[in-house]
Amino acid sequence: QVQLVESGGGLVQAGDSLRLSCTASGLAFSRYNMAWFRRAPGKEREFVATMTWSGLTTYYADSVKGRFTISRDNAKNTVYLQMNSLKAEDTAAYYCGADYVGASGRPASSLNYDYEYWGQGTQVTVSS
């Protein structure tokens, strides 16, 4: 049974930092590209950041570029999202997704339908 469990969300002030974690079980983590998406109230889920299985390639949404950093530790089956200089508009539920790529080397995707597995989400609220 595949599980992705996010943690690290909370209530912070604008300008603060948070680090989200997503720990996977039941899958061969190093064969998955991993990503973070978010959904704000009343909005569609949107792409935030993604990283290839190797950790060599990352891709960010323009809205978070320069402020957020995605990373992974394949030995711990965990992907992270370091969020700095948080803004009120970053308020959302944050979800990690896993996209099986095996040995194909397929590029990381920013499209949510490419991700087979999802966590339950962790809430980030930024007060201005």
Side-chain angles (χ1 to χ4, degrees):
Q1 180 183 358
V2 175
Q3 279 194 312
L4 301 179
V5 179
E6 299 98 336
S7 61
L11 172 62
V12 297
Q13 293 187 332
D16 285 351
S17 298
L18 276 177
R19 188 176 82 153
L20 306 183
S21 300
C22 169
T23 300
S25 60
L27 53 72
F29 186 75
S30 62
R31 297 188 179 187
Y32 284 77
N33 292 344
M34 298 297 295
W36 289 94
F37 288 73
R38 66 188 182 187
R39 179 183 285 135
K43 295 188 176 181
E44 299 279 326
R45 184 160 55 187
E46 66 172 1
F47 167 74
V48 175
T50 185
M51 172 174 270
T52 53
W53 64 272
S54 63
L56 294 179
T57 303
T58 57
Y59 177 54
Y60 296 92
D62 287 343
S63 59
V64 307
K65 203 172 294 183
R67 300 188 298 122
F68 291 11
T69 303
I70 188 172
S71 62
R72 66 190 293 162
D73 184 340
N74 285 351
K76 295 183 178 179
N77 283 8
T78 300
V79 61
Y80 305 97
L81 186 68
Q82 178 67 43
M83 305 186 295
N84 298 330
S85 303
L86 282 162
K87 305 175 181 180
E89 51 262 45
D90 294 319
T91 294
Y94 283 72
Y95 301 87
C96 66
D99 174 23
Y100 179 78
V101 296
S104 70
R106 183 157 53 87
S109 172
S110 62
L111 302 174
N112 59 13
Y113 55 73
D114 280 332
Y115 291 83
E116 298 89 73
Y117 300 108
W118 294 92
Q120 82 291 346
T122 186
Q123 179 66 36
V124 172
T125 303
V126 184
S127 63
S128 57

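Of the possible polar contacts, one joining the Glu6 side chain to the Gln120 backbone as a donor-acceptor pair under 3.5 Å is found. A donor-acceptor pair is defined here as one N or O able to donate and one able to accept, closer than 3.5 Å; no such pair exists between the side chain of Thr58 and the backbone of Met51. A donor-acceptor pair is defined here as one N or O able to donate and one able to accept, closer than 3.5 Å; no such pair exists between the side chain of Arg72 and the backbone of Asn33.
Here the OG-CG distance, from Ser127 to Leu86, works out to 10.5 Å after rounding to the nearest 0.5 Å.
Contacts of Asp73 classified as side-chain hydrogen bond (donor to acceptor under 3.5 Å, both in side chains), with partners at least two apart in sequence or in another chain: none. Remark: Leu11 engages Thr125 in a side chain to side chain contact (heavy atoms under 4.5 Å, CB included) (not counting sequence neighbours). Qualifying salt bridge (Lys or Arg N to Asp or Glu O under 4.0 Å) partners for Lys43, counting only residues two or more places apart in sequence or in other chains: none. Annotation: side-chain hydrogen bond (donor to acceptor under 3.5 Å, both in side chains) contacts of Asp90 (sequence neighbours excluded): Arg38, Arg67. With sequence neighbours excluded, no residue satisfies side-chain hydrogen bond (donor to acceptor under 3.5 Å, both in side chains) with Thr57.
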Without placing hydrogens or testing angles, list every side-chain donor-acceptor pair under 3.5 Å for residues 15-28, not counting sequence neighbours.
| residue | atom | partner | partner atom | Å |
| --- | --- | --- | --- | --- |
| Asp16 | OD2 | Gln13 | N | 3.1 |
| Ser17 | OG | Asn84 | OD1 | 2.9 |
| Thr23 | OG1 | Thr78 | OG1 | 3.1 |

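Between Ile70 and Tyr60, the shortest heavy-atom distance links the atoms N-OH, 2.9 Å. Considering all non-hydrogen atoms of both residues, Ala108 and Thr50 come closest at CB-OG1, 3.2 Å. Listed here is the closest heavy atom pair of Asn74 and Ser30: ND2-CB, 3.7 Å.
Among residue pairs with one or both ends in residues 12-34, those qualifying as ring pair (Phe, Tyr, Trp, His ring centres under 6.0 Å) are Tyr32-Tyr100; sequence neighbours excluded. Judged as a salt bridge (charged side-chain N to carboxylate O under 4.0 Å, His left out), the pairs with a partner in residues 93-121 (not counting sequence neighbours) are, in order, Asp99-Arg106. Pairs of residues two or more places apart, or lying in two chains, never qualify as disulfide bond (SG atoms under 2.5 Å apart) while including a residue from residues 27-77. Listed by first and then second residue, the disulfide bond (SG atoms under 2.5 Å apart) pairs involving residues 27-69 amount to none (not counting sequence neighbours).
Tyr80 forms part of no hydrophobic cluster, judged by ILVMFWY side-chain heavy-atom separations under 4.5 Å. In the hydrophobic clustering, Phe47 connects to Phe37, Tyr59, Tyr95, Tyr115, Trp118, either directly or through intervening members, whenever side-chain heavy atoms lie under 4.5 Å apart.
By the rule that hydrophobic residues join a cluster once side-chain heavy atoms approach within less than 4.5 Å of another member, Met34 and Tyr117 end up as members of one cluster.
Counting heavy-atom neighbours within 6.0 Å of Arg31 CZ, excluding the residue itself, gives a total of 12 or less. Atom CH2 of Trp36 has more than 12 neighbouring heavy atoms from other residues, nucleotides or ligands inside a 6.0 Å radius.
With Tyr94 as reference, Met83 is the one residue of Gln123, Met83, Arg39 to meet the side chain to side chain contact (heavy atoms under 4.5 Å, CB included) rule.
Between Asn112 and Glu46, the closest side-chain pair of non-hydrogen atoms is not below 4.5 Å.
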